[in-house]
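Just so it is clear, the values below take in all heavy atoms, side chains as well, and ignore hydrogens, waters and symmetry mates. Starting from 1, each residue takes its place in the sequence as its number. Because the structure is predicted, anything quoted here is derived from the model rather than measured.
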Amino acid sequence: MVGRPQQRSRDTRAKILAAARTAFAEDGFETTSAEAVAQRAGVSKATVFAHFGDKTGLLIAAKIDGLDTILADMRARAEAVGRHTPGKALAGVFLPLLTLYREDPEFARLFLVQSTLKDGPWTRQFLEVCAELEEVATLACTRAADAGALPGHPDPSLAAQGLLAFFY
């Protein structure tokens, strides 16, 4: 019977994620190996792959909580776009995303290659967040358009895709 992961499995996953976050922060994604993460976590390399599929899946899993925080911040900023300085407010919506890109360019590259990522549970969760980012950008552009802050009255969805493409 398939059910929720056992506590030991959840603990192992948490140890691997903590080790990965530390390794990625200290050494960067490219130079960090799955073997190095496994050693830090005190597990085998096969265990790392069993939980996360590959190194990219591990990076996504290690960063997904931060993405949820960024998304919530962006959503709050998008909902605040209104008649008072809507252009400035619209720029502020994307500030958390720009901060992520500046602080973690290796992770930001995932946004550029998201269409080539291998399928897996972490990839699907990452792509769901990417879709939500587009939804938030569209909300912000819609509010800015309603306030008259989008010159030429472009389609808010198209403006959102353009802004996201610029940031990507």
Side-chain angles (χ1 to χ4, degrees), residues 1-79 90-141 160-168:
M1 179 164 107
V2 177
R4 293 182 4 170
Q6 294 181 348
Q7 184 63 42
R8 186 176 66 173
S9 182
R10 289 191 301 267
D11 292 346
T12 299
R13 188 175 300 120
K15 278 194 322 189
I16 295 168
L17 285 173
R21 286 182 186 110
T22 301
F24 293 149
E26 290 177 2
D27 304 323
F29 176 72
E30 292 299 324
T31 58
T32 298
S33 67
E35 188 170 341
V37 171
Q39 285 176 341
R40 281 179 185 258
V43 300
S44 72
K45 186 165 75 169
T47 300
V48 172
F49 290 132
H51 282 276
F52 300 100
D54 60 15
K55 193 168 86 165
T56 301
L58 179 59
L59 177 64
I60 291 169
K63 298 289 186 171
I64 204 79
D65 291 340
L67 278 180
D68 288 341
T69 301
I70 287 170
L71 183 59
D73 187 10
M74 289 178 70
R75 185 174 299 282
R77 290 167 182 251
E79 289 172 356
L90 184 60
V93 168
F94 293 93
L95 185 60
L97 197 55
L98 281 175
T99 301
L100 169 68
Y101 289 176
R102 185 181 63 239
E103 291 175 355
D104 198 344
E106 291 173 329
F107 185 67
R109 273 195 287 272
L110 281 178
F111 285 94
L112 294 174
V113 299
Q114 60 182 287
S115 64
T116 63
L117 293 175
K118 294 178 185 172
D119 189 32
W122 300 106
T123 305
R124 284 189 292 273
Q125 191 173 358
F126 174 68
L127 294 176
E128 287 171 10
V129 170
C130 291
E132 286 184 60
L133 284 172
E134 189 168 328
E135 177 186 309
V136 168
T138 301
L139 170 65
C141 288
Q161 289 176 358
L163 284 168
L164 287 171
F166 170 75
F167 288 108
Y168 293 161

Exercise. Decide whether Ser44 and Thr47 meet the rule of one side-chain donor and one side-chain acceptor closer than 3.5 Å.
Key: yes
Quiz item: CD/Gln39 to NZ/Lys45 distance, rounded to the nearest 0.5 angstrom?
Solution: 10.0 Å
Exercise. Could you tell me whether a side-chain N or O of Thr138 sits under 3.5 Å from a main-chain N or O of Ala160, the two making a donor and an acceptor?
Key: no
Practice problem: State, with a plain yes or no, whether a side-chain heavy atom of Arg75 is found less than 4.5 Å away from one of Glu79. | Solution: yes
Exercise. Could you tell me the separation between the OG1 atom of Thr22 and the CZ atom of Arg40, rounded to the nearest 0.5 Å?
Key: 6.0 Å
Quiz item: How many angstroms lie between NZ in Lys63 and CG in Leu100, if you round to the nearest 0.5 Å?
Solution: 7.5 Å
Quiz item: Lys55 side chain to Phe29 main-chain N or O, any donor-acceptor pair under 3.5 Å?
Solution: yes
Quiz item: Out of Val43, Leu17, Ile16, which one pairs with Val37 under the side chain to side chain contact (heavy atoms under 4.5 Å, CB included) rule?
Solution: Ile16
Exercise. Compare every heavy atom of Ala78 with every heavy atom of Leu139, then report the nearest pair and how far apart it is.
Key: CD2-CB, 4.0 Å
Quiz item: Within the side chain of Arg21, is there an N or O that forms a donor-acceptor pair under 3.5 Å with the backbone of Ala62?
Solution: yes
Quiz item: Atom CG of Leu59 and atom CZ of Phe52: how far apart are they, to the nearest 0.5 Å?
Solution: 11.5 Å
Exercise. Could you tell me the separation between the CG atom of Leu164 and the SG atom of Cys130, rounded to the nearest 0.5 Å?
Key: 9.5 Å
Quiz item: What's the shortest heavy-atom distance between Gly28 and Thr32, and which atoms?
Solution: O-OG1, 2.6 Å
Quiz item: To the nearest 0.5 Å, what is the distance between NZ (Lys15) and NE2 (His51)?
Solution: 9.5 Å
Self-check item: Side-chain heavy atoms of Gln125 within contact of Ile60, under 4.5 Å
Solution: no
Quiz item: Where do Asp73 and Arg77 land on the salt bridge (Lys or Arg N to Asp or Glu O under 4.0 Å) test, with the steps shown first?
Solution: CA-CA 6 Å; Asp73 187 10; Arg77 290 167 182 251; 3.0 Å; yes
